[in-house]
Amino acid sequence: MSFELPPLPYGYDALEPYIDAQTMQIHHDKHHQAYTDKLNAALEKYPDLQSKSVEELLKDLDSVPEEIRSAVRNHGGGYFNHSLFWLMMKKGGGGEPEGDLAEAIRGEFDSFAAFKEKFSTAAATVFGSGWAWLVMDKSGELAIVTTPNQDSPVSTGQRPLLALDVWEHAYYLKYQNRRPEYIENWWQVVNWDQVEENFKA
Ligand code: MN3
């Protein structure tokens with residue numbers, strides 16, 4: 001068994017004008033495909049690992065043979081993180097979360113506006129390539145964290161609720177060096193229904 005690139009759950013142009021169709025096409029069809037292919041190549045000689053989910057592999061990287069550990073961390077992380085990321089956006093998204101998630105965000109960050117500002121700042125200040133996340137930590141508290149490269153919060157026991165890819169490949173065609181503008185516009189496509197589902201899971 002090998003891992004397959006999950007289809008985008010919407011058209012390439014669904015997130016226009018905030019995220020352009022060309023970026024989505026290259027990001028999904030080329031970058032995510034490349035992580036998928038390289039993850040499969042790394043696991044080729046390890047059929048016993050192929051029956052595990054990529055999340056299981058990332059949760060216990062120490063159990064992955066040293067020879068392929070970096071490849072699983074990087075390409076398995078890329079495979080997994082992007083699979084989450086597509087679902088966390090949708091056409092006509094944005095706004096604010098509701099219900100228990102909204103309450104939990106207010107409980108941890110005082111207000112949605114304060115959360116949004118803190119998350120945006122974290123994303124804007126990731127040095128180089130990486131991700132910003134809203135996670136549930138081991139003690140069940142909400143937290144904003146960042147990871148370098150394709151590291152995934154699941155590797156440190158955190159559950160991802162919301163993810164933002166701040167690699168240049170995620171925004172450069174439309175925004176060039178204006179990462180903060182990409183971040184500000186990205187809030188317009190956040191799929192809060194999905195984030196709430198992740199919260200309740
Ligand atoms: Mn990416």
Side-chain angles (χ1 to χ4, degrees), residues 2-43 53-55 57-59 61 70-91 93-94 119-135 144-156 158-191 194-195 198:
S2 54
F3 290 99
E4 283 181 18
L5 177 67
L8 259 193
Y10 35 70
Y12 298 122
D13 64 353
L15 308 181
E16 293 266 12
Y18 309 109
I19 302 180
D20 61 289
Q22 192 187 9
T23 294
M24 289 302 291
Q25 183 167 11
I26 295 170
H27 200 174
H28 177 268
D29 294 5
K30 304 294 184 194
H31 291 278
H32 199 181
Q33 182 71 62
Y35 294 121
T36 308
D37 293 344
K38 288 174 181 170
L39 172 63
N40 286 327
L43 296 177
S53 72
V54 72
E55 186 172 356
L57 295 173
L58 293 171
K59 276 183 171 169
L61 281 169
S70 291
V72 170
R73 179 177 178 170
N74 292 330
H75 305 303
Y79 177 82
F80 181 71
N81 293 341
H82 287 88
S83 300
L84 300 179
F85 183 50
W86 310 134
L87 299 175
M88 291 170 182
M89 300 183 286
K90 68 171 184 181
K91 187 182 187 73
F119 188 100
S120 294
T121 300
T125 53
V126 170
F127 183 73
S129 299
W131 293 76
W133 306 85
L134 173 67
V135 298
I144 293 167
V145 299
T146 63
T147 56
N149 306 311
Q150 292 296 350
D151 287 1
S152 191
V154 296
S155 297
T156 46
Q158 299 164 316
R159 187 147 60 82
L161 306 183
L162 176 65
L164 175 55
D165 186 344
V166 293
W167 281 58
E168 283 189 343
H169 69 221
Y171 64 86
Y172 203 83
L173 289 178
K174 183 176 173 73
Y175 296 100
Q176 293 85 50
N177 62 327
R178 305 186 307 277
R179 189 196 284 182
E181 195 181 324
Y182 157 66
I183 295 166
E184 189 54 38
N185 282 340
W186 169 79
W187 290 105
Q188 302 294 327
V189 296
V190 172
N191 180 358
Q194 179 65 48
V195 182
N198 300 337

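The model shown is predicted, which means the values in this text are computed figures rather than measured ones. Both counts, for ligands and for their atoms, begin at 1 and track the order of listing.
Side-chain contact check for Thr156 and Gln158: at least one donor-acceptor pair (N or O, by modelled atom type) lies under 3.5 Å.
With sequence neighbours excluded, no residue forms a ring pair (Phe, Tyr, Trp, His ring centres under 6.0 Å) with Tyr12. Every residue was checked against the ring pair (Phe, Tyr, Trp, His ring centres under 6.0 Å) condition with His75, not counting sequence neighbours, and none meets it.
Among pairs with a residue in residues 165-186, those fulfilling salt bridge (Lys or Arg N to Asp or Glu O under 4.0 Å) read Arg178-Glu181, at least two apart in sequence or across chains.
Among protein atoms, those of element N, O or S found less than 2.8 Å away from the Mn ion (ligand 1) are His27 NE2, His82 NE2, Asp165 OD2, His169 NE2.
In summary, of the residues considered (Phe85, Tyr35, Trp86), a ring pair (Phe, Tyr, Trp, His ring centres under 6.0 Å) with His28 occurs for Trp86 alone. When the options Trp186, Trp131, Trp133 are evaluated for a ring pair (Phe, Tyr, Trp, His ring centres under 6.0 Å) with Phe119, the one that passes is Trp186.
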